[in-house]
Number of protein chains: 2
Amino acid sequence: MTDSELRAGGKRERLVAAAVAAFYAHGVATTSLADIAQAAGIPVGNVYYYFKAKSDIVAAVIDAHVQQIRAQLAAIEAAHAAPRERLKALFTAMAGESDLIAQFGCPLGSLCQEISKHEEGESAPDASGLMRLPLDWCGQQFRAMGRDDAAELAAQAFAAYQGTALLSSALRDPGLLERESRRIAAWVDSL
Amino acid sequence: MTDSELRAGGKRERLVAAAVAAFYAHGVATTSLADIAQAAGIPVGNVYYYFKAKSDIVAAVIDAHVQQIRAQLAAIEAAHAAPRERLKALFTAMAGESDLIAQFGCPLGSLCQEISKHEEGESAPDASGLMRLPLDWCGQQFRAMGRDDAAELAAQAFAAYQGTALLSSALRDPGLLERESRRIAAWVDSL
DNA sequence: GTCTATAGCCAGATAGAC
DNA sequence: GTCTATCTGGCTATAGAC
């Protein structure tokens, strides 16, 4: 946290949190700065004291997700020593959010997809880390399990989750995600 | 095709085709009517002769995709009698578009995800059929193979494809989709 | 640092000539 | 049916008072 952030009394954090929620529920393109500012209880014009442009808010939102992912993965590593248990913990945790995911999809996957469609100018932030981070972590776990095809297994497991999240939100069916998450966990156990 | 469409000399079709391409490459929300009209070689104001509002264009785009899916599935059914071969044909065909998918994701999945985020008003069209149609078709094939868990297998296969499409576009890696499509085909063969 | 007011732009949508 | 001209509103972003 920088000095100016400390002086800002948490307003920047409130803006980012409001943007995270709004981007997730309504999408990046359809969310206006006014929406974000209102949700954070801050006048619209004041947003530009904290962010030079909307794309900077997008970058801050991506960064917030990255921090959250790192924290979640670190927590799983602290709670479970065995790579197999760590993998199961990750996919079980994701299934725990099935109601939300059935409404809006995976927070990471939907954000990643929307942003990857307009990576043209230099102002467009890169969201690929949102996929790469958990994917590489899964790969590490499979490698620790002694699998030579760790990267392939990681892609298979993570893609199964992402695809199911997409299906469950399209069909508005949380049960789909819960069943598939159990199947993935059982599959990890069987390896 | 209605009478007025016949009289229109294919302009409506050109608009829909341009919208399909633009929505896929840049997203629905960030594509303006001016973009679509220009790509179709039609003045902006004239768009409203064919569509009352932008949401009607979205509905027409969804419908165009539905027609395309039906045609593709019918072609596969005509070319292959065995359900196992039909499934393999579908996932092989998808892998054939890996370069495009690595750029913009699955045309169906990305459209579905974006639209499902703002299904509030009555003007918002429903895109869930884009997932339901191929999903149900896969289920029918698995059932024809004598599987009791046909619906679950269909979800598993289709989610694997959707998730891999998302990953391969996030990481800009067509090879990922090709490898996983081969794996899905081999898995279908093993059932 | 915080907020108000507003500029400037571009989108979606309409009116009406031809 | 086709097209031009234009209205209206909301959005991003800025200027400047406090």
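In what follows, chains carry the letters A, B, and so on, assigned in the order in which the sequence lines appear, proteins first and then strands, with residues in each chain numbered from 1.
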Check your understanding: Distance-only, no hydrogens or angles: does the B:Q162 side chain make a donor-acceptor pair with backbone N or O of A:L167 under 3.5 Å?
Key -> no

Study note, to complete from the structure: Rounded to whole Å, CG of A:L15 lies from P of C:dC3 at a distance of 11 Å

Point to revise | B:K117 (side chain) donor-acceptor with A:G105 (main chain) under 3.5 angstrom | key: no

Check your understanding: Just wondering, are more than 12 heavy atoms of other shown residues or ligands nearer than 6.0 Å to CD in A:Q38?
Key -> no

What side-chain donor-acceptor pairs closer than 3.5 Å can you find for residues 173-183 of chain B, not counting sequence neighbours?
| unit_1 | atom_1 | unit_2 | atom_2 | d |
| --- | --- | --- | --- | --- |
| B:D173 | OD1 | B:G175 | N | 3.0 |
| B:D173 | OD1 | B:L176 | N | 3.4 |
| B:E178 | OE2 | B:S98 | OG | 2.5 |
| B:E180 | OE1 | B:R183 | NE | 3.2 |
| B:E180 | OE2 | B:R183 | NE | 3.2 |
| B:E180 | OE2 | B:R183 | NH2 | 2.7 |
| B:S181 | OG | B:L177 | O | 2.8 |

Exercise for review: At under 4.0 Å between heavy atoms, which parts of nucleotides 4-18 of chain D does protein reach? Answer with one letter per nucleotide, 5' to 3': B base, S sugar-phosphate only, - none.
Suggested key: BB-----SSBB----

**Study point:** Main-chain N/O of B:A102 paired with B:R172 side-chain donor or acceptor, under 3.5 Å
**Key:** yes

Review point. If you look at every heavy atom in A:M131 and A:F158, which pair is closest and at what distance?
Key: SD-CE2, 3.8 Å

Exercise for review: Would you check if the side chain of B:R147 reaches a backbone N or O of B:E152 as a donor-acceptor pair within less than 3.5 Å?
Suggested key: no

Revision key, fill the gap. Rounded to whole Å, the CD1-C1' distance (B:I36 to C:dG12) equals 11 Å

Review point. Heavy atoms, side chains only, cut-off 4.5 Å: are B:Q156 and B:W187 in contact?
Key: yes

Check your understanding: In residues 56-64 of chain B, what residues come within less than 4.0 Å of DNA chain C, judged by heavy atoms?
Key -> none

